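Here's the structure we're looking at; comments come further down.
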Amino acid sequence: MGGTVTAVSRNATYVFSKPNRSAINLLAGLGVEGDVHAGERIRHQFRMTYEPDLPNLRQVHLMHAELFDELAFKGFDVSAGQLGENITTRGVDLLGLATGTLLHLGGEAVVEVTGLRNPCAKINDFRSGLLSEMFVLEPDSEELFFKAGVMAVVRQGGPVKPGDTVVIELPPTPHRRLERV
């Protein structure tokens, strides 16, 4: 059970989209080398102002390319890196993973999934009306479920590039469902 890395992205400044790269380097306990969100403490621009001492559970943002396919069907042209993610995958049900799942990326890097990305209003600045596509109402619970990818911390560093395999290592049971981080 696994998939493939289709794109990698990083940006050293706070802008919404991140340019695609030929490769990125993950640093254990920090995140993506050269990315503005790397660090031991929270680096989310808004949350840093009122929670600066929180641990950074959002070191790496992963998004499934299947979301772009779904959005294209609905008339939105979105591609890898444009929603701010660092790693784009295909063939991995990122949103269905359990908290604490380890993703082995390529030959060396390992990230631990910490939770769901909370979609922000900047998504509508990028494409008007897109924010409403980042949620789904679950019929059983009538709760909103976020679709804008997952967040992770780097457990083992190493290079990651398009074409690398993604191997999923589930945590011990009972599994905890992903929540917003």
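Keep in mind that what you see is a predicted model, and the values were worked out from it rather than measured.
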Is a salt bridge present between Lys161 and Asp164, judged by a nitrogen-to-oxygen distance below 4.0 Å?
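Judged by the 4.0 Å cut-off on N to carboxylate O distance, Lys161 and Asp164 do form a salt bridge.
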Could you check whether Arg90 pairs with Asp69 (Lys NZ or Arg NE/NH1/NH2 to Asp/Glu carboxylate O, under 4.0 Å)?
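Salt bridge flag = yes for Asp69 with Arg90.
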Distance in Å, [X] [atom1] paired with [Y] [atom2], rounded so as to fall on 0.5 Å steps:
| X | Y | atom1 | atom2 | value |
| --- | --- | --- | --- | --- |
| Leu57 | Met151 | CG | CE | 9.5 Å |
| Phe135 | Phe146 | CZ | CZ | 5.5 Å |
| Leu83 | Cys120 | CG | SG | 9.5 Å |
| Ser79 | Leu71 | OG | CG | 11.0 Å |
| Leu105 | Thr4 | CG | OG1 | 11.0 Å |
| Thr89 | Leu94 | OG1 | CG | 4.0 Å |

In this structure, would [X] and [Y] fall into the same cluster of hydrophobic residues linked by side-chain contacts under 4.5 Å?
| X | Y | result |
| --- | --- | --- |
| Met134 | Leu95 | yes |
| Leu30 | Val32 | no |
| Leu178 | Leu137 | yes |
| Val92 | Leu102 | no |
| Val5 | Leu27 | no |

Short question: side chain of Arg177, backbone of Ala98 - any donor-acceptor pair under 3.5 Å?
no
Is it true that a side-chain atom of Arg21 and a backbone atom of Arg10 form a donor plus acceptor pair closer than 3.5 Å?
yes
Is [Y] close to [X] at the side-chain level, that is, under 4.5 Å between some pair of heavy atoms?
| X | Y | result |
| --- | --- | --- |
| Val150 | Arg117 | no |
| Gln59 | Val154 | yes |
| Leu116 | Glu179 | no |
| Leu54 | Asn56 | no |
| Glu33 | Leu26 | no |
| Val111 | Gln156 | no |
| Lys18 | Asp35 | yes |
| Pro119 | Leu131 | yes |

Testing the basics here: between [X] and [Y], what is the closest heavy-atom pair and its distance to 0.1 Å?
| X | Y | answer |
| --- | --- | --- |
| Val8 | Pro162 | CG2-CD, 3.9 Å |
| His64 | Lys147 | CE1-O, 3.4 Å |
| Val166 | Leu103 | CG1-CD2, 4.2 Å |
| Asn20 | Ser9 | ND2-OG, 2.8 Å |
| Glu112 | Gly100 | OE2-CA, 3.7 Å |
| Asn86 | Val60 | OD1-CA, 3.6 Å |

Given the rule in the side-chain contact (heavy atoms from CB on, under 4.5 Å) test, do Leu144 and Val136 qualify, once you have shown the distances and angles that lead to the verdict?
CA-CA 6 Å; Leu144 287 178; Val136 64; over 6 Å; no
Is the ring pair Phe126/Phe16 parallel, tilted or perpendicular, if the boundaries are 30 and 60 degrees?
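The rings of Phe126 and Phe16 sit tilted, inter-plane angle from 30° to 60°.
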Arg176, CZ: over 12 other non-hydrogen atoms inside 6.0 angstrom:
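No, not enclosed.
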Give a yes or no on whether Glu40 atom CD has more than 12 heavy-atom contacts from other residues, nucleotides or ligands under 6.0 Å away.
no
Where do Thr101 and Glu169 land on the side-chain contact (heavy atoms from CB on, under 4.5 Å) test, with the steps shown first?
CA-CA 6 Å; Thr101 298; Glu169 182 182 342; 5.8 Å; no
Apply side chain to side chain contact (heavy atoms under 4.5 Å, CB included) to Thr88 and list each qualifying residue two or more places apart in sequence or on a separate chain.
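Thr88 satisfies side chain to side chain contact (heavy atoms under 4.5 Å, CB included) with Thr6, Ala7, Ala65, Phe68, Ala80, Glu85 only.
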